[in-house]
Every structure is written in structure tokens, then in C-alpha cells.
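Predicted model, so just to flag it, every value in this text is computed and none were measured. Read the numbers this way: they start at 1 and go in the same order the structure lists the ligands and their atoms. Start at 1 with the first residue, then count along the sequence.
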Amino acid sequence: MEEKRSQAPARELLPRHIGIIMDGNGRWAKARGLPREMGHQAGSKVVGEIIRHCRGLGIPCLTIYALSTENWKRPKREVDALLSLLRRYLSNMEEYQRENARLCILGDPEPLPRDIQESIRTAQAKSAGNTAITVNIALNYGGRAELLHGVKALARECAAGRLDPESITEEDIARQLYTAGQPDPDLIIRPSGEQRLSNFLMWQSAYSELLFMNVLWPDFTPEHLNYALYQYSLRSRRFGGV
Ligand code: FPP
């Protein structure tokens with residue numbers, strides 16, 4: 001069955017936060033006899049269209065997985081190509097301003113090249129007041145690394161006497177994550193046929209609905225997103241209750 005639908009479900013049935021693991025770029029390129037970098041380039045072109053579609057539907061938060069803490073293991077040429085795409089993406093914030101979109105980077109920027117760190121600071125500051133949609137780009141992101149970062153911050157609060165270890169709550173942990181203040185993802189979509197989370201939003205995905213699709217990310221269209229939203233609207237969410 002084709003994983004596409006021309007229309008999204010009614011607004012009250014839509015998720016408040018969607019996470020997308022943009023997978024399948026390498027296979028898309030391979031199928032065309034192209035280098036893997038070309039797959040990432042094609043994949044990066046899809047991002048804007050999906051952000052616009054989410055914004056148009058009134059979905060307030062979207063997180064896309066652009067570079068994981070594990071992706072540094074890839075060949076240097078591929079990592080450099082990904083960084084170039086991100087560099088170009090972050091230096092052009094006009095669309096964010098036009099779409100009233102706020103950019104938020106999830107992950108540790110420290111190992112990234114200096115100029116990208118600077119672009120991140122500028123882009124986040126420029127778009128901080130935008131209210132139509134928050135777009136989180138997970139960049140040098142890993143769920144375990146995020147938890148470790150949060151745990152260290154809580155340990156520092158305890159050591160300084162500002163927090164009692166016995167009274168640490170789930171909310172304390174959540175406020176130390178990169179997504180502090182944001183709703184947990186209601187729906188996580190992974191295209192390309194792989195069925196795993198790959199260290200994506202480990203804490204936040206505790207009750208997310210997961211949808212694995214066969215389309216490769218560079219072929220992903222707003223109609224594929226409509227299909228995912230339709231599948232989500234059919235799910236019965238109980239959060240551990242009955
Ligand atoms: C996974 O596909 C994809 C990535 C590791 C990178 C995703 C990055 C982009 C789409 C472009 C950069 C993003 C922005 C926002 C400009 P894969 O290479 O693992 O695919 P494969 O499993 O088919 O090999």
C-alpha cells in the first residue's frame with residue numbers, strides 16, 4: 001500500500017510534537033549510482049517543505065535528527081559534506097523569519113567547527129521570538145549524551161547545596177534536557193524501513209507513538225507526512241492507563 005494521503009486529519013487529532021529520523025539518504029544515492037553525499041544533499045532539500053507543511057497544519061513543534069553523536073564515525077568526506085550542508089542551512093535564516101519559525105539546536109555544539117557554532121548562536125537568537133513553530137535540529141545529538149549532560153548539571157546543583165538528591169523528580173531531569181519546556185514528542189517517524197530509535201530522544205520518547213515507513217527520506221513528501229498523521233490519528237494512547 002502506498003504510504004501517502006492527500007489530506008491531513010482534523011486539527012484536534014494532530015500531534016503537538018513530531019520527531020523525524022531522516023533516514024535513507026545513503027540508499028537513495030546508491031540506487032542512483034551517486035556518492036552518499038548527494039543523498040544528504042537531496043535529503044536537506046526536503047526539510048524546508050516538511051517544516052512549511054507542519055507549520056501550515058498548526059503543529060507547534062518538529063524535531064529532526066540531522067547529526068548524531070555516533071555519525072562522526074562515518075568517512076571524513078561524508079561528515080564534511082554533512083557539515084557543509086548544515087553550515088549553508090544555518091546561514092540562511094530568511095525562511096525562518098518568513099515562516100515565524102523558531103530554531104532550536106539540540107546537542108552539544110562544542111565539537112562542531114567554530115563558524116557553525118557561531119551560526120547556531122546567531123540563528124537561535126534571531127529566531128528566538130518566533131512563535132508559529134519550534135524547529136529543533138538534533139545536531140551532534142545523542143539521547144544518552146543528553147541524559148549524561150543533564151545528570152552532571154543536577155549533580156552540580158546537589159554539590160552546591162541547591163538540590164537535595166532524595167527529592168530529585170522527573171521534572172528536574174526534564175528541565176536539564178535540551179528540550180526543556182517543550183512537550184514530549186507525540187509521534188516519531190522513521191522512514192527508510194529501519195525499525196529502531198538510534199539514540200533519538202531517549203527520555204522524551206517514553207510514550208511516543210512510533211511509525212516506521214518504507215519511503216527513503218529524500219523521497220519524503222507532505223503526502224507522506226499526511227499518511228503518518230493519519231496513522232497517528234488512529235492510535236489509542238493510554239499512557240500506561242486503560
Ligand atoms: C541518515 O541517512 C541521515 C543522516 C545521518 C543525516 C541527515 C542529514 C540531512 C538530511 C541533511 C542535513 C540536514 C539539514 C537540516 C540541512 P543514512 O546516510 O544513514 O542513510 P542510509 O541508511 O540509507 O545509508
Side-chain angles (χ1 to χ4, degrees), residues 18-55 61-97 99 101-109 111-113 115-120 122-124 126-127 133-143 145 178 188-201 211-222 224-225:
I18 303 177
I20 304 184
I21 301 173
M22 306 186 288
D23 197 12
N25 298 344
R27 277 163 284 168
W28 183 93
K30 192 171 176 213
R32 287 161 180 75
L34 297 169
R36 294 178 54 82
E37 296 81 58
M38 298 300 286
H40 296 312
Q41 191 179 80
S44 70
K45 290 191 182 144
V46 172
V47 170
E49 202 180 14
I50 296 305
I51 295 174
R52 281 192 295 280
H53 192 55
C54 286
R55 183 207 182 283
C61 189
L62 170 71
T63 300
I64 53 174
Y65 206 179
L67 189 76
S68 76
T69 44
E70 288 74 35
N71 286 153
W72 299 102
K73 289 187 278 202
R74 295 189 177 205
K76 184 176 180 317
R77 174 180 154 160
E78 184 173 344
V79 172
D80 285 347
L82 280 168
L83 292 175
S84 292
L85 287 169
L86 288 159
R87 180 176 283 116
R88 198 173 325 149
Y89 185 84
L90 292 166
S91 64
N92 180 8
M93 289 300 289
E94 277 151 37
E95 173 135 24
Y96 274 73
Q97 297 309 96
E99 296 286 325
R102 177 168 79 115
L103 177 77
C104 192
I105 299 294
L106 313 183
D108 178 11
L112 297 168
D115 65 309
I116 296 189
Q117 292 186 37
E118 189 50 43
S119 299
I120 288 175
T122 312
Q124 290 191 138
K126 241 189 198 168
S127 68
I133 183 169
T134 295
V135 178
N136 295 320
I137 301 188
L139 189 49
N140 186 34
Y141 174 88
Y178 298 121
I188 294 181
I189 304 168
R190 182 169 193 152
S192 93
E194 306 290 349
Q195 302 197 3
R196 55 179 172 270
L197 281 177
S198 301
N199 210 3
F200 185 56
L201 302 176
L211 188 72
F212 302 105
M213 297 174 69
N214 288 316
V215 58
L216 302 175
W217 175 250
D219 293 325
F220 198 91
T221 62
H224 288 101
L225 187 63

How far is atom 3 (C) of ligand 1 from its nearest protein heavy atom, and which residue and atom name does that atom have? M22 O, 3.0 Å
Hey, is ligand 1 close enough to W217 that some N/O pair sits below 3.5 Å? no
Residue part near ligand 1, for K30, under 4.0 Å between non-hydrogen atoms: neither
Mark the output for E194 as yes if a heavy-atom distance to ligand 1 is under 4.0 Å, and as no if none is. no
Identify, with sequence neighbours excluded, every residue that meets ring pair (Phe, Tyr, Trp, His ring centres under 6.0 Å) alongside F220. W217, H224
Do other residues, nucleotides or ligands put more than 12 heavy atoms under 6.0 Å from R87 CZ? yes
Contacting atoms of ligand 1, where contact means under 4.0 angstrom from a heavy atom of G26: 17 (P), 18 (O), 20 (O), 21 (P), 23 (O), 24 (O)
Close-contact set for ligand 1 against Y89 heavy atoms, below 4.0 Å: 16 (C)
Using a 3.5 Å distance criterion without hydrogens, assess whether the side chain of R36 forms a donor-acceptor pair with backbone atoms of A29. no
State plainly whether the residues R77 and E37 are in salt-bridge range, i.e. N to O under 4.0 Å. yes
Does at least one non-hydrogen atom of R74 fall below 4.0 angstrom from an atom of ligand 1? yes
Taking only heavy atoms of L82, which atoms of ligand 1 are found under 4.0 Å from at least one of them? 6 (C), 8 (C)
N or O pair under 3.5 Å between R27 and ligand 1: yes
Compare L85, I137, L86 and give the one whose heavy atom is closest to atom 14 (C) of ligand 1. L86
W28 versus ligand 1: do any nitrogen or oxygen atoms come within less than 3.5 Å of each other? no
Checking the side chain of Q117 only, and the main-chain atoms of L112 only, is there a donor and an acceptor separated by less than 3.5 Å? yes
Nearest neighbour of atom 5 (C) of ligand 1 from the list V79, N71, L67, on a heavy-atom basis: N71
So is S192 close enough to ligand 1, meaning a heavy atom under 4.0 angstrom away? no
Give the ring-plane orientation class for Y89 versus Y96, where under 30° counts as parallel, over 60° as perpendicular and anything between as tilted. perpendicular
Establish, yes or no, whether the cationic atom of R74 lies under 6.0 Å from the six-membered ring centre of W72 and within 45° of the ring axis. no
Could I get the full list of side-chain contact (heavy atoms from CB on, under 4.5 Å) partners for E194, not counting sequence neighbours? D23, R27, R190, S192, R196
